[in-house]
There are 2 protein chains.
Amino acid sequence: MRSTMRDVARVAGVSPKTVSNVINDHPHVRSHVREIVRKAIIELDYRPNQSARGLRYGKTGVIGLAVPSLRENYFAELADSVIRAAEKRGLNVLIGQTNGDRRNELDAVRGLRLQGTDGLLLSPQGMGQRDIDALNVPLPLVLLGERIFGGPTDHVTMHNVSSAQAAVEHLFERGRSRIAIIGAPDPDDTDPGSATLRLQGYRKALDTAGIPEAPELICVTGHWSREAGAVAVRRLIDDQVPFDGVFALNDSLALGALRALGEAGIRVPEEVAVIGFDNIDEARFSVPSLSSVDPGRDSIAEMAVQMLVERVRENGDPRPPRLSKPEFQIVTRESTGPASP
Amino acid sequence: MRSTMRDVARVAGVSPKTVSNVINDHPHVRSHVREIVRKAIIELDYRPNQSARGLRYGKTGVIGLAVPSLRENYFAELADSVIRAAEKRGLNVLIGQTNGDRRNELDAVRGLRLQGTDGLLLSPQGMGQRDIDALNVPLPLVLLGERIFGGPTDHVTMHNVSSAQAAVEHLFERGRSRIAIIGAPDPDDTDPGSATLRLQGYRKALDTAGIPEAPELICVTGHWSREAGAVAVRRLIDDQVPFDGVFALNDSLALGALRALGEAGIRVPEEVAVIGFDNIDEARFSVPSLSSVDPGRDSIAEMAVQMLVERVRENGDPRPPRLSKPEFQIVTRESTGPASP
DNA sequence: CGGGTAATTTACCACGTCGTAAATTCCATC
DNA sequence: GATGGAATTTACGACGTGGTAAATTACCCG
């Protein structure tokens with residue numbers, strides 16, 4: 001059995017409260033006593049009981065992070081960033097996977113899934129605009145991503161439209177004009193997800209450049225996986241749709257696209273230039289390496305944790321929800337080649 | 001403020017203990033009363049306080065998982081598997097990143113890093129055989145990987161030697177004989193890490209096939225990253241070392257190797273066959289897709305969580321440490337091509 | 001060396017839950 | 001309707017910690 005404060009107190013010959021004072025750097029403790037207590041703590045290998053502290057303080061020092069799946073690189077890297085941001089503030093992170101399932105996400109919001117946390121960072125995938133009311137919960141909550149806008153909680157998202165536009169313009173600058181977009185939203189889905197917003201950016205770029213939209217270049221995919229990216233590009237090739245650029249709505253799709261292009265013997269970037277979105281680590285190491293939109297993952301994590309911490313602290317008085325978007329950046333690598341003169 | 005059991009009891013007109021009994025499915029509760037209490041719970045949106053429960057039970061229902069970094073796909077996928085295995089048992093997982101730093105790992109073992117957990121799964125990278133005594137801690141601990149053997153804790157590892165041997169033989173079967181091994185251990189490092197063991201398997205395969213070892217084919221790398229894999233292969237090519245097969249000690253190295261081979265215009269698998277280790281998701285989608293050793297990640301996670309749960313339960317009486325190794329499998333994909341007749 | 005103030009330490013209790021044991025209610029039986 | 005044993009509910013307290021306020025000690029000054 002772990003020793004408790006009482007044990008330490010007994011060994012040190014002081015009251016438990018004094019031990020508590022030493023541990024919490026209470027100012028009024030004589031250095032002499034502090035030393036004795038410190039020694040006893042080391043001797044007994046005492047560790048404060050987190051449950052007891054949590055009970056006393058009404059806070060656990062743990063935040064939850066609910067993402068669809070850590071197998072998706074973007075979320076693994078996001079988790080990494082969140083853990084680092086939390087660590088800076090002395091917080092631990094409980095990670096849950098929702099599989100992008102709406103029900104799981106709702107359970108997380110209701111506090112059924114990651115219990116014992118002070119607050120939750122949720123990156124929804126299955127939930128949508130219709131679930132906005134479900135976000136009215138006592139649990140401090142910060143939303144990540146673009147499934148739900150205008151909700152009652154703080155929200156960290158990214159410059160989807162303008163960065164997508166910039167990505168497509170990046171392809172234009174390289175002399176491409178028949179740009180396939182991979183991962184477009186199902187037209188039935190009216191929720192303004194990342195897909196919808198990035199498609200808007202695509203259209204804006206076309207519009208600005210005065211290029212008419214070609215429906216056959218808009219590839220709808222369900223899941224944003226490598227597989228889906230490969231399938232979409234294979235279909236384009238099979239259907240003999242001419243294209244010289246690919247804007248994939250995330251890097252996994254782009255990598256799948258690279259794969260399909262490679263299979264078909266189509267050279268990248270000479271014949272087709274490819275740009276992705278998310279700038280996952282893997283993008284640097286594909287063959288060819290993948291140009292991508294860097295949405296500022298570290299900043300996202302940092303802002304999200306910061307917002308959550310503030311919400312946890314204020315604990316009650318409901319300031320209006322805040323929306324935060326870090327700066328994006330286009331990262332140029334081999335898959336888009338050099339700009340045309 | 002969240003409502004407590006007392007609040008529910010007041011609303012339902014019963015004692016707090018009866019509420020507790022309802023929540024914990026205590027047998028002697030009249031269904032009539034159970035209903036009333038259930039209604040009150042819903043009305044107040046009551047959630048049991050995990051800290052109080054943790055204090056009462058002496059357990060938190062949370063286990064820790066300490067890995068080097070979630071940015072490494074292997075560990076992200078391992079985390080995914082661990083979370084799933086934990087979920088089955090009603091446990092939550094607190095994830096910490098050590099960056100492979102020995103000190104961070106030791107802190108985790110000492111319980112300084114992931115506080116408030118019932119036990120810890122540790123995948124050490126910086127710690128080694130010399131740290132074996134540090135594992136004698138009250139915290140239930142299950143070790144993953146191959147940095148430390150013969151310690152006082154349960155341990156889940158893999159068939160490193162025999163699976164590495166099988167991987168090399170897989171290349172032999174495809175008519176290759178000059179097999180470069182990428183990621184070999186620094187000869188100074190005497191700890192029996194994965195690298196050392198897999199190198200042993202490589203040697204065993206050579207030995208069995210009667211092929212002499214060629215020192216120039218043994219490529220030492222520090223980090224097992226895509227970058228390192230690419231650098232190692234570039235060096236082989238620059239040094240004009242002849243080779244027709246690559247055994248990379250993990251998939252990241254292998255993907256880096258594919259990248260370097262692609263850059264050099266060397267065809268895979270026609271000129272050089274490549275096999276990796278870990279079977280990360282990404283292996284299925286590289287160009288060409290990567291053959292790999294599947295070490296049975298789900299089984300590893302399942303066994304590890306199971307062992308940890310048992311240790312947490314027994315809580316004291318120290319059964320001797322157990323060692324567990326799931327079966328491995330060679331997954332054949334394009335990078336090694338078909339077997340020679 | 002007494003008096004008084006500031007510094008330091010302590011006693012007590014509540015945080016929310018649930019095991020234990022005691023109290024109460026129920027119900028079948030006579 | 002009283003009796004008794006079983007079923008159900010309740011009172012009490014402890015888990016480990018730290019806030020509050022009271023108690024004690026230290027120390028300065030005259």
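Note on naming: letters A, B, ... go to the chains in the order of the sequence lines (proteins, then strands), and numbering restarts at 1 for each one.
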dG16(D), dT9(D), dT17(C): which one has an atom nearest the side-chain heavy atoms of Leu55(A)? dG16(D)
Indicate yes or no: does Asp80(A) engage Arg71(B) in a salt bridge with an N to O separation below 4.0 Å. yes
Report yes if the side chains of Arg47(B) and Leu112(A) come closer than 4.5 Å at any heavy-atom pair, otherwise no. yes
Whole-Å gap separating P (dG16(D)) and OH (Tyr57(B)): 16 Å
Quick one: does Arg56(B) reach the base of dC18(C) with a side-chain donor-acceptor pair under 3.5 Å? yes
Under 4.0 Å between a side-chain N or O of Asn21(B) and OP1 or OP2 of dT8(D)? no
From Leu122(A) atom CG to Glu105(A) atom CD, the distance as rounded to the nearest 0.5 Å: 5.5 Å
Could you pull out all donor-acceptor pairs under 3.5 Å where a side-chain atom in residues 134-141 of chain B meets a protein atom, sequence neighbours excluded?
none

Pairing residues for Asp7(B) by the side chain to side chain contact (heavy atoms under 4.5 Å, CB included) criterion, not counting sequence neighbours: Ser3(B), Thr4(B), Arg10(B), Leu44(B)
Within residues 125-153 of chain B or reaching into it, pairs that qualify as salt bridge (charged side-chain N to carboxylate O under 4.0 Å, His left out) - sequence neighbours excluded: Arg102(B)-Asp131(B), Arg147(B)-Asp189(B), Arg147(B)-Asp191(B)
Just to be sure I understand the rule, does Thr4(A) reach a base, reach only the sugar-phosphate, or reach nothing, if contact means heavy atoms closer than 4.0 Å? sugar-phosphate
Taken to the nearest whole Å, NE2/His28(A) to P/dG19(D) is 14 Å
Taken to the nearest whole Å, CG/Asn24(A) to C1'/dG19(D) is 11 Å
Note down the inter-axis angle between the two ends of the helix from dC1(C)-dG30(D) to dC30(C)-dG1(D), five pairs each, to the nearest 10°. 40°
Atom NE2 of His32(B) and atom C1' of dT9(D) are separated, to the nearest Å, by 13 Å
Return each pair, listed once, that meets salt bridge (charged side-chain N to carboxylate O under 4.0 Å, His left out) where at least one residue sits in residues 92-101 of chain A; pairs must be two or more places apart or across chains. none
Pairs in or reaching into residues 126-158 of chain A: which pass ring-ring contact (aromatic ring centres under 6.0 Å, His included), with residues at least two apart or in two chains? Phe149(A)-His155(A)
Just to confirm, is there a sub-4.0 Å distance from OP1 or OP2 of dT9(D) to any side-chain nitrogen or oxygen of Ser15(B)? no
Identify, residue by residue, the members of residues 40-54 of chain B with a heavy atom below 4.0 Å from DNA chain D, and return them in order of residue number, or none. none
Euclidean distance, atom NZ of residue Lys59(A) to atom P of dG18(D) [Å, nearest integer]: 15 Å
Can you sort out the partners of Met307(B) under side chain to side chain contact (heavy atoms under 4.5 Å, CB included), two or more places apart, ordered by chain and number? Val142(B), Asp154(B), Val156(B), Arg322(B), Ser324(B)
Can you pull every protein N or O that's under 3.5 Å from an N or O on nucleotides 21-27 of chain D?
none

Spacing of Met5(B) atom CE relative to dA14(C) atom P, expressed in whole Å: 18 Å
Rounded to whole Å, the NE2-P distance (His26(B) to dT17(C)) equals 18 Å
Does Ser20(A) place a side-chain N or O at less than 4.0 Å from the phosphate oxygens OP1/OP2 of dT17(D)? no
Not counting sequence neighbours, which residues clear side chain to side chain contact (heavy atoms under 4.5 Å, CB included) with Val309(A)? List them please. Arg89(A), Leu91(A), Val305(A), Arg313(A)
Expressed in angstrom and rounded to an integer, what is the separation of Asp7(A) atom CG from dA14(D) atom C1'? 15 Å
Please list all pairs meeting salt bridge (charged side-chain N to carboxylate O under 4.0 Å, His left out) that have one or both residues in residues 17-35 of chain B, counting only residues at least two apart or in different chains. Glu35(B)-Arg38(B)
Asp298(B): side chain to side chain contact (heavy atoms under 4.5 Å, CB included) partners, not counting sequence neighbours: Ser81(B)
